[in-house]
Structures are given as C-alpha cells and as structure tokens.
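A quick write-up on the structure given underneath.
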There are 2 protein chains.
Amino acid sequence: MNAAIGKQRGRNGSASLSHSQQDYLKQIFLLSATSRGATTQLLADRIGVRPASVTGMLKKLAEEGLVERAPYRAVHLTETGRRIAVELVRHHRLLEAFLSRTLGYRWDEVHEEAEALEHVISERFEQKVAELLAHPDRDPHGDPIPTRELALEEDQHLTALALLPKGSQGTIRRVTLQDQDALNLVEKLDLLPGTAIEVAGTHPDGISLLVAGSRFLVPSLLAAHLLVDHAPPPSSAQPETREGTGRPVAHEQ
Amino acid sequence: MNAAIGKQRGRNGSASLSHSQQDYLKQIFLLSATSRGATTQLLADRIGVRPASVTGMLKKLAEEGLVERAPYRAVHLTETGRRIAVELVRHHRLLEAFLSRTLGYRWDEVHEEAEALEHVISERFEQKVAELLAHPDRDPHGDPIPTRELALEEDQHLTALALLPKGSQGTIRRVTLQDQDALNLVEKLDLLPGTAIEVAGTHPDGISLLVAGSRFLVPSLLAAHLLVDHAPPPSSAQPETREGTGRPVAHEQ
DNA sequence: GAGATCCATTAGGAAAGGCTAACTTTTTAA
DNA sequence: TTAAAAAGTTAGCCTTTCCTAATGGATCTC
Ligand SMILES: [Mn+2]
Ligand SMILES: [Mn+2]
Ligand SMILES: [Mn+2]
Ligand SMILES: [Mn+2]
C-alpha cells in the first residue's frame with residue numbers, strides 16, 4: 001500500500017531515488033505548508049546546499065515527474081512526489097516515536113538519528129515498528145504521524161502560542177523546533193506537549209504565560225513554534241486572534 | 001571507546017568514510033579470515049562491483065592509511081582500518097539480534113536490513129540497542145558480536161560439518177550463509193544453531209546426518225557453512241579430520 | 001517607476017564512485 | 001617449462017551531486 005521510496009523500482013519503471021532526492025521532496029512537502037512555499041532559497045537553507053544546487057536538482061525532479069516547476073517560482077509536488085514525501089515523513093516520525101519510547105532517547109536527541117534512518121529502513125521495518133508501538137499517531141514533538149495509507153491528519157484547530165490573545169487557555173500539542181538547545185529550553189520551562197497553559201498577557205518580545213502556577217515570558221522565537229489546542233478567552237472582549245510577531249514555521253524533518 | 005565510523009571526523013583529522021569505503025573495509029576484514037585472503041576478485045564479488053573498481057578503491061584506502069597493499073597481492077587492513085571494520089561488524093550483528101529479538105524478524109530476513117542500517121546508526125543507537133538486549137554475544141546466525149571495546153571472540157573449537165568424520169557428535173553453533181533460500185532450507189531441516197547432531201556417515205555429495213531421530217543427507221554446499229561444536233567420534237578409529245569437498249567460507253555481513 | 005536589493009538561474013568545474021576495454025602479471029596445467 | 005587461463009591493473013569515460021562566479025528576473029522602496 002505504501003509508496004516505495006527506497007531500493008525498489010519506482011511506480012513507473014524508474015530507478016530508486018537517492019537520499020538527496022528524498023530530502024528535497026520531503027523539504028518541499030514541509031515548506032509547501034507554509035506561507036512562503038517551497039522556494040529555492042528556503043530549500044537551500046533547509047537542505048544545507050547552495051541555491052544553484054537546488055535549481056539543478058529541481059530540474060531533475062521535474063523531469064522525473066515528481067515536482068512541477070516554473071522558473072523563479074516556488075515549486076510544487078506532483079501526486080507521485082507527494083506520496084514519496086509523506087512516506088518519508090511517516091518514517092521520520094515513527095522513528096522518533098520508536099527512539100523515544102523503545103530505546104529511551106531524550107526528546108531532543110531523536111531528530112538527528114531519525115533524519116539518517118528514515119532513508120534506509122524497509123517497509124518491513126516501518127511495519128514492525130508501527131506494530132510494536134501500537135500504531136502511534138504522534139511523535140514525541142506532537143507532530144502527527146501519517147498512516148500507512150499516507151493520510152496525514154492536519155490539526156486545523158491548533159494555533160501558534162504567539163498568535164493567542166490574552167486570557168486564552170489551552171494545551172500545548174506540538175513543538176515545531178528541532179534545535180537541541182531550543183528543545184532543552186522548552187523542557188526546562190515545562191512546555192512539553194500536553195501542558196495546560198494560559199496566556200497572561202502579550203509583550204513586545206513574546207507572550208506572558210501562566211503554567212502550573214508560575215508566570216514567565218515566552219520569547220517570540222519560542223512562542224511561534226508552540227502550537228496550542230486552545231479555547232477562546234473565557235469571557236473577555238479580546239479579539240479572537242491577532243497578528244503576532246512570528247508566524248509558525250514548519251521545522252525540519 | 002568505539003572507533004568512529006560515521007559522520008564524525010576520523011581519528012586523525014580526516015573526513016568521514018563513505019558507506020562504500022566502509023563496505024570495502026568490512027569485506028576485507030571478513031575475507032582476511034579465509035585461506036584466500038582479501039583478493040581483488042573476491043572483494044568485487046562480495047561488494048557487487050567490477051574488479052577495476054576494487055583496485056581503484058583499494059588505492060584510495062591505502063592512501064588514507066586504512067589498508068596495506070602490494071599490486072597483484074591480497075590486501076590487508078592496518079590497525080586503524082581493522083578497528084573500523086570490526087565496529088561495522090558489531091553494528092551488523094547487534095542489529096541482526098535486535099531485528100530478530102525485538103522486532104520479530106525471521107532469521108532469514110535480518111541480514112539485508114542490517115546491511116543498510118549498519119552504516120547509519122549512531123554510537124548512541126548502538127549503545128541503547130546493546131543495553132536493550134542485555135549485551136548479547138551472538139547474532140541469530142550464531143556469529144559472535146564484537147564487544148564495545150571491539151574484542152572479537154573467535155571460536156577456535158568450531159569445525160565445519162563438512163570436515164567431521166563419521167561418528168562425530170556435536171551441536172550446530174553457527175550458520176555462515178546469508179542467502180534467504182539457503183537459510184530457509186536450513187530451518188526446514190531443523191539445523192538452526194543449538195541443534196544437536198551426529199554424523200552418520202560421509203557421502204560423495206555431502207554428509208549423512210542424524211538429527212533428532214531422522215537421518216538425511218546434508219549437501220556439501222550446506223555442510224561447509226554449518227559450524228559445529230563437536231566432540232571427537234566416541235570410540236571409533238576414524239581419523240580426526242578429513243579433507244572435505246568444500247571449505248568453510250565467511251559469509252557476507 | 002527606477003534603482004537597489006534580493007532571489008534564481010546558467011555556465012563551468014570538481015570529487016566520488018562506478019563502468020568498459022585493453023594490457024600486464026601471476027597462476028595453472030599440459 | 002612454457003603456453004593458456006585467470007586475476008589484477010590502467011586509462012579513459014560517465015553519472016551524480018555539489019560548488020563558485022557571473023548573469024538575469026522579481027520585488028521593494030522612495
Ligand atoms: Mn534526511
Ligand atoms: Mn518530530
Ligand atoms: Mn553494508
Ligand atoms: Mn549474521
């Protein structure tokens with residue numbers, strides 16, 4: 001049922017995709033969900049190559065029918081390309097859950113290892129791990145794990161903490177960061193997924209937050225990456241949302 | 001304590017080794033334990049490339065101080081090269097044990113997956129898996145797993161079934177095959193590691209074997225790859241060993 | 001609406017790792 | 001002991017993926 005990414009011959013008759021090509025597809029997928037879309041520059045940043053290299057690779061992927069491209073424009077995945085990308089996201093997030101739950105990795109350690117393993121595991125490995133974990137639907141950062149049929153539940157009702165008005169209450173559900181130091185900070189502040197929070201007030205540099213009694217400032221950088229399952233402010237006349245300093249940004253995976 | 005193989009900078013200051021280079025070192029190590037040694041031709045067969053490619057790579061590895069080489073001769077690992085090779089063997093066999101025990105792979109399925117994963121897992125992954133399995137000393141084929149300090153117990157007292165004289169009794173300890181069909185045959189015949197056997201007689205095409213009451217012919221091809229922990233024949237006057245048709249051959253990993 | 005400033009693309013080239021074909025050395029065996 | 005066979009090496013080439021430098025578009029600002 002899964003799209004083949006690895007060694008097998010592809011859906012048409014083409015050879016397999018290189019790890020590099022796989023990473024391009026995955027980053028295009030993740031960036032496509034953002035406002036800017038998958039631009040050459042952003043892809044270069046995420047993948048760690050120069051823009052010229054991105055242009056070259058995108059041409060190749062377009063020839064192989066995995067992306068659609070117009071020069072000087074953001075690139076889009078074809079259905080084939082999307083399937084491969086989502087398959088990789090499934091691998092990545094399943095692996096993060098596995099590393100965390102079964103092997104006892106810390107939550108800030110899982111990303112890097114999953115980044116390498118995602119290209120290498122077989123469909124059998126994917127299946128066995130999914131069974132071992134009883135088909136989890138979230139990774140340790142709260143990111144949804146696509147199903148085996150590659151359906152990806154998108155959380156419509158999650159909002160970036162940075163965009164919440166004063167008085168909002170809710171629960172942190174996703175942390176879209178992957179930098180180890182940033183993740184450690186989140187943990188130090190007890191802002192892991194599942195934590196109940198209340199917005200005590202806004203602030204030029206972030207959000208003032210009430211968590212388990214204590215009250216402190218969450219910097220914008222962080223607040224943009226904490227996605228909250230929120231109820232509107234209990235009884236105030238605050239606007240439903242406001243334009244924040246930072247918008248949520250998809251994180252690398 | 002472990003030699004770094006992966007992404008890290010190497011022992012001197014050199015960059016990391018490619019997966020390809022790692023495979024060469026591992027196969028040189030495994031072939032060095034055989035009578036023919038690590039020749040260009042055998043390496044080409046094992047690695048799946050042409051002999052010309054092997055010559056080219058061996059030159060590169062020699063320049064990097066990982067092998068010592070004389071043209072037209074079998075190649076040898078330096079101490080540095082050996083450490084990297086043994087580290088890979090540890091990864092491979094630990095992974096086989098993990099796939100078999102934790103993920104429930106069949107014993108004929110573990111090799112291929114481990115072949116890909118061995119290059120990609122971190123030292124952390126290695127350590128966590130070793131802990132999870134309580135530091136196993138054998139993989140599912142009975143192959144010894146090098147310790148974290150890279151000590152590799154070699155089983156001096158194991159003999160290929162093909163070389164045993166009539167009347168010998170013993171226990172199968174290792175199965176040095178990796179072909180799936182061959183492994184399935186071994187399983188069908190109940191010749192897994194741990195099985196007690198007795199040599200009922202020799203035969204031009206193999207060995208006649210007594211296993212759990214039944215008696216059947218084990219073809220030479222197989223008998224050369226079944227390593228037995230044996231006692232000499234109980235009270236007969238048979239010679240201790242004999243020259244068999246096939247000698248034991250290290251298997252790929 | 002015209003620069004200035006990004007952003008994207010092109011051209012040319014390098015490194016890694018494979019290949020084929022031709023040639024040399026070693027080994028085998030008549 | 002010598003000729004044929006097998007094994008190993010060399011030379012030249014190809015593909016993949018990256019790079020730098022230069023060029024060509026898009027966009028923002030005044
Ligand atoms: Mn990756
Ligand atoms: Mn994640
Ligand atoms: Mn390998
Ligand atoms: Mn094994």
Side-chain angles (χ1 to χ4, degrees), chain A residues 5-7 9-10 14-28 31-32 34-76 84 115-116 119, chain B residues 5-7 9-10 14-28 31-32 34-76 84 115-116 119-120 249:
Chain A
I5 25 181
K7 320 212 148 186
R9 55 222 116 279
S14 72
S16 70
L17 297 176
S18 66
H19 291 193
S20 188
Q21 289 181 309
Q22 292 176 28
D23 274 334
Y24 278 89
L25 293 177
K26 189 179 69 163
Q27 294 306 336
I28 293 166
L31 283 172
S32 292
T34 70
S35 51
R36 294 196 271 266
T39 64
T40 302
Q41 185 70 62
L42 287 172
L43 284 169
D45 292 346
R46 299 302 197 90
I47 296 166
V49 298
R50 295 313 190 127
S53 304
V54 173
T55 300
M57 182 60 93
L58 292 183
K59 282 186 179 174
K60 200 167 313 179
L61 293 172
E63 273 175 22
E64 299 185 25
L66 299 169
V67 305
E68 267 164 24
R69 196 183 96 85
Y72 298 98
R73 300 274 154 226
V75 72
H76 296 275
I84 294 168
E115 194 62 36
H119 306 287
Chain B
I5 25 183
K7 321 212 150 190
R9 56 224 114 282
S14 72
S16 70
L17 296 177
S18 66
H19 291 193
S20 188
Q21 289 180 309
Q22 292 175 29
D23 273 335
Y24 278 89
L25 293 177
K26 190 179 69 163
Q27 294 306 336
I28 293 167
L31 283 172
S32 290
T34 69
S35 51
R36 295 197 271 265
T39 65
T40 301
Q41 186 69 60
L42 287 171
L43 284 169
D45 292 345
R46 299 303 196 92
I47 295 165
V49 297
R50 295 314 191 124
S53 303
V54 173
T55 300
M57 182 59 92
L58 292 183
K59 282 185 180 175
K60 201 166 313 179
L61 292 172
E63 272 174 23
E64 299 184 25
L66 299 169
V67 305
E68 268 165 22
R69 196 183 95 86
Y72 298 98
R73 301 271 154 228
V75 71
H76 295 275
I84 295 168
E115 193 62 36
H119 305 287
V120 166
V249 177

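The chains referred to below are lettered A, B, ... by the order of the sequence lines, with proteins before strands, and numbering in each begins at 1.
For the pair B:E115 and B:D23, the minimum side-chain heavy-atom distance is below 4.5 Å. The closest side-chain heavy-atom distance from A:R69 to A:R73 is not below 4.5 Å. Taking the side chain as every heavy atom from C-beta outward, A:Q21 and A:L61 approach each other to under 4.5 Å. Between B:L25 and B:V67, the closest side-chain pair of non-hydrogen atoms falls below 4.5 Å.
Spacing between atom CG of A:L25 and atom C1' of D:dT17 amounts to 15 Å, rounded to whole angstrom units. A straight line from CG of B:L42 to C1' of C:dT26 spans 15 Å, rounded to a whole angstrom. B:M57 has its CE atom 16 Å from the P atom of D:dT10, to the nearest Å. Atom CG in B:D45 sits about 10 Å away from atom P in D:dG8, given to the nearest Å. One atom, CG of A:D23, and another, P of D:dT16, lie 18 Å apart when rounded to the nearest Å. Between the P atom of D:dT9 and the CD atom of B:Q41 lies a distance of 11 Å, rounded to the nearest Å. Atom CG of A:L58 and atom P of C:dT10 are 11 Å apart (whole Å). In this entry the distance linking CG of A:L61 with C1' of D:dT16 reads 13 Å, nearest Å.
Closest contact between the side chain of A:Q21 and the listed nucleotides C:dA11, D:dT17, C:dT20 involves D:dT17. Taking only side-chain atoms of A:A52, from C-beta outward, the nucleotide of D:dA21, D:dT9, D:dG8 with the closest atom is D:dA21.
OP1 and OP2 of C:dT9 both lie 4.0 Å or more from every side-chain N or O belonging to A:K59. Applying the 4.0 Å criterion to OP1 and OP2 of C:dC7, one finds that A:T40 has every side-chain N and O outside that range. Contact annotation: A:R50 reaches the phosphate of D:dT20 (side-chain N/O to OP1 or OP2, under 4.0 Å). In this model, the phosphate group of D:dC18 is approached by a side-chain N or O of A:Y24 to a distance below 4.0 Å at OP1 or OP2. At least one side-chain nitrogen or oxygen of B:S53 sits closer than 4.0 Å to the OP1 or OP2 atom of C:dC19. At least one side-chain nitrogen or oxygen of A:K60 sits closer than 4.0 Å to the OP1 or OP2 atom of D:dT17. Between B:R36 and the phosphate of D:dA7, there is no side-chain N or O to OP1/OP2 separation shorter than 4.0 Å. For A:R73 and D:dT27, the shortest distance from a side-chain N or O to OP1 or OP2 is below 4.0 Å. OP1 or OP2 of C:dT9 sits under 4.0 Å from a side-chain N or O of A:T55.
Backbone-only contact: A:P71 has heavy atoms under 4.0 Å from sugar-phosphate atoms and none from a base. Across all strands shown, B:S20 has heavy atoms under 4.0 Å from sugar-phosphate atoms exclusively, and none from any base.
Using bins of under 30°, 30° to 60° and over 60° for the plane-to-plane angle, the ring pair A:H119/A:H19 lands in the parallel bin.
Between B:A70 and A:G48, the residue anchored nearer the 5' end of DNA chain D, judged by the nucleotide with its closest heavy atom, is B:A70.
A donor-acceptor distance shorter than 3.5 angstrom exists from the side chain of A:Q22 to the backbone of A:L17, with no hydrogens or angles considered.
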